[in-house]
Amino acid sequence: MRRSSLTGFACSLIIVIGTTGCSRKSVSPSPLRPTAFGSALVESSGGKQIGATGAVLAQPVIVQVNDEQGNAVPGALVESSGSAGVSFDPSNGLTDSSGQFTTNVMLGGMAARYQITASTLSKAQKRVELQLEETALGYQEQVGQQIDEKYCARCHNPESSPERVSNYDNLEIKPHAFTEGNTLNKMTDADLTAIISHGGPSLNKSALMPPYGYTLSKTEIQALLAYIRLISDPPYRGSGMLYVQK
């Protein structure tokens, strides 16, 4: 009997402690109040980045609030929103002394093009918006990006970098950048696969494009194709491609 009563006391003690712990109230932060209002939002930096799915973009997104004369507006409230799966740190805030708001963007978990929106209010309480686009690469597209950097970018990317000197200007016939959707989107997957595998002459294109069918596996060629399709501008809307919107 004594043991039973002690057990009952212990159980009632746990219940009391649990109830007391749940009675705490969380304090919500006070909403930010703007001290100024602008009439336009412009991008400072951070748009059209390419990152991995579920990862934070390498560079923060920075937007600037301007007035009607184009002057920067400190103290304006900027709010961020985006496609499903996108998160921001912070999601909102007041512009600094340069009229700018900075946020770190984490992309969603699906390989896709993601749209993000920055917004602010004018003096007339009219919402002003700026839309930017970011690209998230899945595993297959990341493999394609690595292949591009190793075999393709030296000729197809006209911009040189500390790691790679572009050969673009030395070529008599200029190759298309992989972002040139106006041209590449018109080509079928089979056409692009043929050119990558057998070289330019396979489709009556420039012989300066060498064949990579003996260098790359079929899986690697498919990865490169998936990467090209995802980074094209304007976006490629082929079968199976998702373009994530708000």
Side-chain angles (χ1 to χ4, degrees), residues 46-59 83-86 105-116 132-168 171 173-203 205-245:
K48 291 191 175 181
Q49 293 188 70
I50 298 176
T53 53
V56 177
L57 290 172
Q59 302 295 328
S83 308
V86 178
V105 180
M106 177 181 288
L107 300 177
M110 183 178 298
R113 309 282 283 266
Y114 288 87
Q115 181 177 285
I116 64 175
L132 303 175
E133 188 179 274
E134 314 291 0
T135 302
L137 304 180
Y139 174 76
Q140 184 183 39
E141 291 80 14
Q142 290 180 58
V143 172
Q145 183 185 42
Q146 294 169 3
I147 294 170
D148 171 33
E149 292 173 351
K150 184 174 182 179
Y151 296 105
C152 314
R154 185 168 182 267
C155 293
H156 284 271
N157 190 338
E159 301 296 330
S160 295
S161 68
E163 297 78 19
R164 171 188 49 78
V165 177
S166 176
N167 191 42
Y168 183 87
L171 299 175
I173 300 177
K174 306 302 182 185
H176 294 289
F178 288 165
T179 54
E180 287 186 20
N182 287 327
T183 298
L184 299 184
N185 288 350
K186 298 174 184 177
M187 302 179 69
T188 66
D189 289 357
D191 287 342
L192 289 177
T193 299
I195 290 177
I196 295 170
S197 301
H198 307 295
S202 64
L203 286 182
K205 303 293 183 181
S206 172
L208 294 176
M209 170 61 194
Y212 283 92
Y214 295 103
T215 304
L216 303 175
S217 67
K218 290 184 178 179
T219 301
E220 290 174 323
I221 292 175
Q222 290 174 352
L224 179 60
L225 181 57
Y227 172 69
I228 292 172
R229 292 307 197 195
L230 190 54
I231 66 170
S232 65
D233 186 17
Y236 176 73
R237 298 177 182 268
S239 175
M241 182 58 62
L242 176 66
Y243 183 72
V244 179
Q245 297 176 328

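Using a 4.5 Å heavy-atom threshold, the side chains of Ile50 and Gln145 count as touching. Using a 4.5 Å heavy-atom cutoff, the side chains of Arg154 and Val165 are not in contact. Considering only heavy atoms from C-beta on, Gln146 stays 4.5 Å or farther from Lys150 through its side chain. Using a 4.5 Å heavy-atom cutoff, the side chains of Met106 and Leu57 are not in contact. You'll find the side chain of Asn182 reaches within 4.5 Å of the side chain of Pro234, heavy atoms only. Considering only heavy atoms from C-beta on, Leu132 stays 4.5 Å or farther from Gln115 through its side chain.
Closest non-hydrogen pair, Leu137 versus Gln142, comes out as O-NE2, 3.2 Å. The minimum heavy-atom distance between Ile173 and Ser206, with the atom names listed, is CD1-OG, 3.8 Å. Scanning both residues, Gly181 and Ser232, for their nearest heavy atoms gives CA-CB, 4.0 Å. Nearest heavy atom pair, residue Gln49 against residue Gln59, reads NE2-O, 2.8 Å. Closest non-hydrogen pair, Ala84 versus Tyr114, comes out as O-CE2, 3.6 Å. Contact detail for Ala223 and Val143: the closest heavy-atom pair is CB-CG1, 3.9 Å.
Taken from OG1 in Thr53 to CE in Met110, the straight-line distance is 10.0 Å, to the nearest 0.5 Å. Here Glu133 contributes atom CD and Asp233 contributes atom CG; the two are 7.0 Å apart, rounded to the nearest 0.5 Å. Summarising the geometry, atom CE belonging to Met187 is positioned 10.0 Å from atom OG1 belonging to Thr193; distances are rounded to the nearest 0.5 Å. Between Ile196 atom CD1 and Cys152 atom SG the span is 7.0 Å, to the nearest 0.5 Å. For the atom pair CZ (Arg229) and CD (Glu141), the distance works out to 12.5 Å, reported to the nearest 0.5 Å. Between Cys155 atom SG and Leu171 atom CG the span is 5.0 Å, to the nearest 0.5 Å.
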Stepwise, does the side chain to side chain contact (heavy atoms under 4.5 Å, CB included) test hold for Ser83 with Ile116? CA-CA 6 Å; Ser83 308; Ile116 64 175; over 6 Å; no
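With Arg113 contributing its side chain and Leu230 its backbone, the two residues share a donor-acceptor pair below 3.5 Å. For the pair Ser202 (side chain) and His198 (backbone), a donor-acceptor distance under 3.5 Å is absent. Between the side chain of His156 and the main chain of Pro175, no donor-acceptor pair closer than 3.5 Å is present. Panel note: side chain Asp191, backbone Leu203; no donor-acceptor pair is recorded below 3.5 Å. When atom types are taken as modelled, the side chain of Lys205 and the backbone of Ile195 share no donor-acceptor pair closer than 3.5 angstrom. For Ser166 (side chain) and Asn157 (main-chain N/O), a donor-acceptor pair under 3.5 Å exists by modelled atom type.
Heavy-atom contacts from other residues, nucleotides or ligands closer than 6.0 Å to NZ of Lys48 number 12 or fewer.
Aromatic pair Tyr151/Tyr212: ring centres closer than 6.0 Å.
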